[in-house]
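These notes concern the structure reproduced below.
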Amino acid sequence: MLHVDQIRAVTSAVPATLAAGGDGAPPPFTVARVLTETRLDSWLTLGIVLAAGLYLYGVHRLRLRGDRWPVIRTVSFLGPGLGGIALVTLTGLGAYDTALLSVHMVQHMVLSMIAPIFLALGAPVTLALRTLPVRPRKRLLAIVHSKVIRIYSFPLVAFAIFVVNPFALYFTDLYEFTLRHEWAHELVHAHFIATGCVFFWPLLGLDPLPGRWPYPGRALLMLLSVPFHTVLGLTIMQSTTLFGGDWYPSLNLSWSDPWNDQVVAGGILWAGGEFVSVTMLAVLVVQWVKQSEREARRLDRELDRQEARERAAEASA
């Protein structure tokens, strides 16, 4: 069995040097390889471990002083959030992301849509604000409310970045460049994560961000993102040009046809994008209803207090 480093070396090599069906070609992609192959020597490994450690340390600090932190937030951040990133980059999926466009699309979906949602639901900024000392807390607040963050977190700007980026990547020579240069491919991973966070954090996140829209506006923006994935996925499925130029054909994989794999990749992006968008739209509606209920209870309490004050005034009179 070829290990991940061997697979990476093969798929990162000059494609023309690979022999068809020879020993240089990576072995067929299977579920077993996803579960058994790991790669822990990337910068993402260090980032994931560091983020998880800091988050757990913050939760521990809160518990030491008797404060509570919702378990669901910790599970969201560490599980589907950081865990989702690790699943598609550090396992066998990461080993085949330059050999199969369909595997790359799974990475795309998780890194830009699924993981950022759960990272936002983990509310790491709120956790930091509750645990940091006074001076670092003020610095963090200054960053959160800075002009740069205000611009990038503005929903329309975030939506434009989220929609335009895939077209700029896949329909230009940039994607082939990232396949031929590992540093550029790793940079795309980070870009996917950042793009997803910029889009989903203001929509679904629990952290205090400036310029956040009310729930009707957020729901409308999420609704507008649904046809975007349909158009992109169908365009990839029906394209008469292979993405990545001659990269995939020159790998000479006897167990995979680049054209069929591209159709599968488009279907993954189409179906997965619609599923995530519709699911998140439902989550927004639920959050909207809960906020309305909280606001109604707050108004009821305020009316009760006003009535109590009026009765007290009448009694004293």
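What you see is a predicted model; the values in this text were computed from it and never measured. Keep in mind that the numbers below use all heavy atoms, side chains included, and drop hydrogens, waters and symmetry copies.
The environment of CZ in Phe171 is crowded: more than 12 heavy-atom neighbours from other residues, nucleotides or ligands sit within 6.0 Å. Annotation: His145, atom NE2; neighbour count of heavy atoms from other residues, nucleotides and ligands within 6.0 Å is above 12. Counting heavy-atom neighbours within 6.0 Å of Arg137 CZ, excluding the residue itself, gives a total above 12. Within a 6.0 Å sphere centred on CZ of Phe167, heavy atoms belonging to other residues, nucleotides or ligands number more than 12. A 6.0 Å sphere centred on CZ of Arg135 holds no more than 12 heavy atoms belonging to other residues, nucleotides or ligands. Atom CZ of Arg68 sits in a sparse spot, with 12 or fewer heavy atoms from other residues, nucleotides or ligands closer than 6.0 Å.
Closest non-hydrogen pair, His108 versus Ser112, comes out as O-OG, 2.5 Å. Between Leu100 and Ser256 the shortest heavy-atom distance is CD2-OG, 3.2 Å.
Classification of the Phe243-Tyr170 ring pair by plane angle, with boundaries at 30° and 60°, yields perpendicular. Classified by interplanar angle (parallel below 30°, tilted 30° to 60°, perpendicular above 60°), the ring pair Phe177/Trp183 is perpendicular.
At distances below 3.5 Å, not a single donor-acceptor pair connects side-chain atoms of Glu307 with backbone N or O atoms of Glu302. Using a distance-only test at 3.5 Å, with no hydrogens or angles considered, no donor-acceptor pair links the side chain of Ser277 to the main chain of Glu274. Formation of a donor-acceptor pair under 3.5 Å by the Tyr152 side chain with backbone atoms of Phe199 is not found in this model. Looking only at distances, no side-chain donor or acceptor of Ser239 sits under 3.5 Å from a matching main-chain atom of Thr235.
The hydrophobic clustering, which links ILVMFWY residues whose side-chain heavy atoms are closer than 4.5 Å, places Met280 and Phe228 together.
Under the 6.0 Å cut-off for aromatic ring centres, His104 and Tyr175 qualify, their centroids lying closer than that. No close placement of the His185 and His181 rings is indicated, their centers lying 6.0 Å or farther apart.
Residues Ser225 and Leu221 form no side-chain contact, since every pair of their non-hydrogen atoms from C-beta on lies 4.5 Å or further apart. Within the 4.5 Å cutoff, the side chain of Phe200 has heavy atoms near those of the Met222 side chain.
The one candidate from Val88, Ile85, Val188 that meets the side chain to side chain contact (heavy atoms under 4.5 Å, CB included) condition with Gln107 is Val88.
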